[in-house]
Number of protein chains: 2
Amino acid sequence: MGELSTGLRRGTLEFCVLAMVEVEDRYGNEIVRRLGDEPNLAAGEGTIYPLLSRLRRSGWLESKWVESPSGPPRRYYGLTAAGRSALEHFRSEWVSFRQTVDRLVGTGETA
Amino acid sequence: MGELSTGLRRGTLEFCVLAMVEVEDRYGNEIVRRLGDEPNLAAGEGTIYPLLSRLRRSGWLESKWVESPSGPPRRYYGLTAAGRSALEHFRSEWVSFRQTVDRLVGTGETA
DNA sequence: GGACCTACCTTGCGTCGCAAGGTACCGTGT
DNA sequence: ACACGGTACCTTGCGACGCAAGGTAGGTCC
């Protein structure tokens with residue numbers, strides 16, 4: 001049944017990316033590296049670049065090209081108003097979802 | 001970008017089903033109905049039946065046919081030893097994953 | 001025997017994670 | 001000048017899975 005966390009990422013990863021961009025504008029490779037530090041969310045370029053394109057087409061992210069101090073130019077992403085409200089919507093949805101799963105599968109903690 | 005919770009279910013739904021079966025043996029239609037009560041996890045037959053087949057083929061569930069007091073026979077599912085340990089594994093993975101997402105997207109609660 | 005409920009399962013489609021492959025810019029060393 | 005390695009972008013092809021829709025059949029009631 002494949003890697004366990006692969007499935008968990010679905011539907012969550014995109015909002016983690018939105019949240020990272022919310023803090024400050026970021027570029028693709030930076031996002032890949034930062035996510036690499038999170039064992040549960042590590043995702044390669046082949047995941048992130050298509051995801052960023054989708055978010056751009058959905059109107060949740062906008063991008064601008066910025067020259068790098070050393071190396072090829074970078075595409076920086078920033079949150080749009082729609083992206084911000086989508087993220088807000090996810091935050092409340094996530095809390096509710098997380099509680100449901102906690103209750104059903106039971107975490108061992110006393111509910 | 002489709003229904004929000006559709007993506008969230010991915011990778012979680014199967015373990016919620018395992019957890020339901022852990023409590024006591026259950027049959028397909030019962031599982032569909034019970035999940036229907038959970039707004040975040042509601043899934044139709046077209047989702048659950050293939051999922052149960054996968055879990056059976058993975059060796060996490062076993063099944064036996066039982067006559068219904070009224071209606072067609074039911075296929076009851078029970079947890080195997082492998083299924084039980086997969087569920088245990090998920091429980092710890094889930095806690096870790098949940099915390100990572102909470103930290104990254106921020107729930108508004110004070111960390 | 002017709003209508004309806006219950007219960008099972010399959011088909012076809014779309015989305016998305018991901019490995020692998022591809023292009024191009026830049027700096028450094030020779 | 002040229003090769004090499006690092007950075008940064010993107011695409012292709014595949015597989016997994018949620019899901020709507022469609023299909024079969026047993027049971028009950030009138």
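The chains referred to below are lettered A, B, ... by the order of the sequence lines, with proteins before strands, and numbering in each begins at 1.
Taking every heavy atom of both residues into account, E93(A) and N40(B) meet most closely at OE2-OD1, 4.1 Å. Shortest non-hydrogen contact noted between T80(B) and L61(B) is CG2-C, 3.8 Å.
When the P atom of dC8(C) is taken as reference, atom CZ of R54(B) falls 17 Å away, rounded to whole Å. Atom CG in L51(A) sits roughly 10 Å away from atom C1' in dG17(C) (whole-Å rounding). In this structure, E3(A) places its CD atom 9 Å from P of dC18(C), rounding to the nearest Å. Nucleotide dG14(C) holds its P atom 15 Å from the CZ atom of R57(A), rounded to whole Å. Atom CZ of R74(B) and atom P of dC9(C) are 14 Å apart (whole Å). Straight-line distance from the OH atom of Y49(A) to the P atom of dC9(D): 4 Å, rounded to whole Å. Taking atom CG of residue L52(B) and atom C1' of nucleotide dC17(D), one finds them 14 Å apart after rounding to whole Å. Atom CD in E67(A) sits roughly 13 Å away from atom C1' in dA8(D) (whole-Å rounding).
Between T47(B) and dC19(D), a side-chain N or O to OP1/OP2 separation shorter than 4.0 Å is present.
Among the heavy atoms of the strands lying under 4.0 Å from T6(A) are primed sugar atoms or P, OP1, OP2 only; no base atom is included.
For the pair E14(B) and W65(A), both in contact range of DNA chain D, the more 5′-proximal nearest nucleotide belongs to W65(A). Map R75(B) and G71(A) each onto its nearest nucleotide of DNA chain C; the residue landing nearer the 5' end is R75(B). Nearest-nucleotide positions on DNA chain C for G46(A) and Y76(B) put Y76(B) closer to the 5' end.
One finds a salt bridge joining E38(A) and R103(B) here, because a Lys/Arg side-chain nitrogen approaches an Asp/Glu carboxylate oxygen to under 4.0 Å. Salt-bridge annotation for R84(B) and E88(B): absent, with no side-chain N of the basic residue lying under 4.0 Å from a carboxylate O of the acidic one. Contact check on E22(B) versus R91(B) returns a salt bridge, with a Lys/Arg side-chain nitrogen under 4.0 Å from an Asp/Glu carboxylate oxygen.
Looking at E45(A), its side chain comes within 3.5 Å of the base of dC10(D) through a donor and an acceptor atom. In terms of polar N and O atoms assigned as donor or acceptor, the side chain of R10(B) comes within less than 3.5 Å of the base of dC17(D) in a complementary pairing.
Closest approach to the P72(A) side chain among dG18(D), dG6(D), dC8(C) is made by dG6(D) (side chain taken as heavy atoms from C-beta onward). Here dG18(D) is the nucleotide among dC9(D), dC9(C), dG18(D) with the atom lying nearest to any side-chain atom of R9(B).
In this structure, W94(A) and F97(A) have tilted ring planes: the angle between them lies in the 30° to 60° band.
Taken residue by residue, residues 27-40 of chain B places no heavy atom nearer than 4.0 Å to DNA chain D.
At least one side-chain heavy atom of R34(B) sits under 4.5 Å from a side-chain heavy atom of R26(B).
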